[in-house]
Amino acid sequence: MRDTNEMTIIFDSRPVNEGFARVAAAAFLTQLNPTIEEVADVKTAISEAVTNAIIHAYGNEVHNIEIHCSITGNLFQVEVKDQGIGIEDIKQAMEPLFTTKPEEDRAGMGFAFMEAFMDHISVQSRAGEGTLVTMEKRIGKERETWTTQSL
Amino acid sequence: MRDTNEMTIIFDSRPVNEGFARVAAAAFLTQLNPTIEEVADVKTAISEAVTNAIIHAYGNEVHNIEIHCSITGNLFQVEVKDQGIGIEDIKQAMEPLFTTKPEEDRAGMGFAFMEAFMDHISVQSRAGEGTLVTMEKRIGKERETWTTQSL
Amino acid sequence: MNYKIQENYLTVYLPKEVDHYNAEEMRKEADLLITHNHIRYLIFDFGETEFCDSSGIGVIMGRYRLLNLLGGEVWAVHVGARMRKILTLSGVLNIMKIYEEERA
Amino acid sequence: MNYKIQENYLTVYLPKEVDHYNAEEMRKEADLLITHNHIRYLIFDFGETEFCDSSGIGVIMGRYRLLNLLGGEVWAVHVGARMRKILTLSGVLNIMKIYEEERA
Ligand SMILES: Nc1ncnc2c1ncn2[C@@H]1O[C@H](COP(=O)(O)OP(=O)(O)O)[C@@H](O)[C@H]1O
Ligand SMILES: Nc1ncnc2c1ncn2[C@@H]1O[C@H](COP(=O)(O)OP(=O)(O)O)[C@@H](O)[C@H]1O
């Protein structure tokens with residue numbers, strides 16, 4: 001706890017807040033001195049999870065979405081939590097191209113993007129109770145490798 | 001409630017989070033299409049209130065600071081809340097140049113800046129129980145006037 | 001949405017940030033323009049785009065399906081490194097070609 | 001902290017954002033430089049500064065007090081519209097003069 005910096009944001013599940021959520025998380029991430037690429041990765045992953053809460057979990061009704069971010073050393077961790085409809089089959093939901101809303105032009109690539117841009121993702125969900133997406137990313141990996149190699 | 005967009009951020013009272021807090025609030029404010037000047041005003045006011053919570057309320061110990069923002073029409077409202085030492089004499093505290101930490105080079109201008117940059121500020125506090133600073137600002141006032149005049 | 005129509009070409013200038021919030025409006029407006037103007041070539045211009053998530057990919061895929069029915073094609077121009085990564089990752093480069101200006 | 005020393009002049013290049021977080025380091029470093037280098041003229045350069053709250057004003061006032069004891073002066077350069085508003089509001093323009101390059 002001593003060396004962990006933490007923040008939580010709670011906001012209405014309105015599409016206009018998608019931008020707010022990813023900028024707030026990126027502002028918190030700044031203290032790790034991330035590259036532009038790392039910031040873009042984190043913003044994209046959070047945008048995916050938040051969009052899913054808005055359209056899938058709450059079906060466009062306005063309820064709360066909660067994001068918890070923590071920084072320990074160079075590890076950035078983020079949780080995105082909703083109390084929406086939940087996911088029946090998590091394994092299937094995470095398959096690339098799988099979507100339950102093709103009529104809204106969803107690409108089914110949300111979880112695939114989260115997996116691609118973060119180091120680790122885990123999804124906890126129960127039908128009718130909501131979903132918790134936890135993601136992690138180590139910031140400055142390239143710099144580390146570079147430093148080690150240059151010794 | 002219908003037309004009000006709301007968000008809350010809760011974060012550790014570490015100086016490194018001062019920047020995060022004002023950028024997060026500014027990102028939320030964006031939906032009102034504020035001018036650069038209006039964004040700077042809100043960022044400054046929030047920075048003052050957050051800094052006060054860090055140094056005065058908690059005396060540099062790490063505890064929680066909570067910011068609640070809401071947008072109703074063109075009215076932006078923000079509350080900054082701590083559970084720190086509180087303020088004995090609020091009237092005196094709000095006087096320009098008054099500070100209890102001159103040795104840390106505090107200018108005593110925090111509340112004066114909040115008053116100057118926001119339309120309205122109110123402070124609730126009780127010694128030993130913490131402080132709640134509530135501020136309001138109408139966004140787009142100049143644009144409104146301009147539109148009315150041009151009719 | 002910023003766009004340009006020349007004969008049966010529609011160029012859509014994508015915004016700085018493409019997410020679900022602004023994708024909604026884009027797909028509706030693009031579909032109207034495509035069907036009302038006998039569009040056969042749709043060009044997504046990413047010149048201004050700094051951020052794009054999978055909602056943007058959904059817009060591209062949906063427009064591809066429509067253009068494909070109409071016997072048309074979808075192209076991308078001004079694709080920076082980040083956008084190229086996202087387009088590659090999502091597999092849309094199999095249905096949409098990138099127009100490389102350097103080679104033109 | 002970015003700075004430059006020429007004879008008994010110290011120029012401090014203020015960062016993009018001046019708040020309590022980075023003011024702490026600045027005031028300690030500036031005081032060391034002032035006392036160790038017989039500084040009499042302190043110049044705050046706001047050329048890069050986009051944000052400044054009252055913690056920045058505290059840094060200026062504190063350095064003014066020190067320089068005043070030493071018989072020196074505090075100046076500001078590259079002061080944009082926003083910074084001018086903040087400096088005026090806080091009253092520090094009574095103790096610190098703005099160096100106007102246009103008139104020089
Ligand atoms: N927070 C959530 N609540 C309920 N269902 C979800 C949530 N997130 C994802 N899902 C389900 O998982 C599916 C796949 O999600 P994703 O890979 O992000 O693709 P997309 O959002 O394009 O549908 C969604 O179509 C939806 O059925
Ligand atoms: N959140 C707070 N908790 C406790 N005391 C506070 C708080 N905010 C302000 N104060 C008191 O009010 C005084 C004046 O505050 P301010 O005008 O912001 O000036 P400064 O921060 O420079 O001291 C402070 O010195 C402090 O004693």
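We name chains A, B, ... by the order of the sequence lines, and we start the count at 1 in each one.
B/Arg14 approaches A/Thr4 most closely through the heavy-atom pair NH2-O, 2.7 Å.
When the candidates A/Ile9, A/Ile67, A/Asn64, A/Ile10 are compared by the number of heavy-atom contacts under 4.5 Å with chain B, A/Ile10 comes out ahead.
In this structure, the side-chain contact (heavy atoms from CB on, under 4.5 Å) partners of B/Tyr58, at least two apart in sequence or on a different chain, are B/Ser13, B/His63, B/Ile65, B/Asp82, B/Gln83.
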Residues 102-125 of chain A, side-chain donor-acceptor partners within the protein, below 3.5 Å, at least two apart:
residue, atom, partner, partner atom, Å
A/Asp105, OD2, C/Arg63, NH2, 2.1
A/Arg106, NH1, C/Ser55, OG, 3.0
A/Asp119, OD1, A/Lys141, NZ, 2.8
A/Asp119, OD2, A/Arg138, N, 2.7
A/Asp119, OD2, A/Lys141, NZ, 3.4
A/Ser125, OG, A/Ile87, N, 2.7
A/Ser125, OG, A/Gly130, O, 3.1
A/Ser125, OG, A/Thr131, OG1, 2.8

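Annotation: A/Lys137, atom NZ; neighbour count of heavy atoms from other residues, nucleotides and ligands within 6.0 Å is above 12. For CD of B/Glu136, the number of neighbouring non-hydrogen atoms (other residues, nucleotides, ligands) closer than 6.0 Å is greater than 12. Within 6.0 Å of the CD atom in B/Gln92, the count of heavy atoms belonging to other residues, nucleotides or ligands exceeds 12.
Each ring-ring contact (aromatic ring centres under 6.0 Å, His included) pair with one or both residues in residues 65-96 of chain A, not counting sequence neighbours, would appear here, but there are none.
Contacts between residues 16-47 of chain B and chain A, defined by a heavy-atom separation under 4.5 Å, are made by B/Val16, B/Asn17, B/Phe20, B/Val23, B/Ala24, B/Ala27, B/Phe28, B/Gln31.
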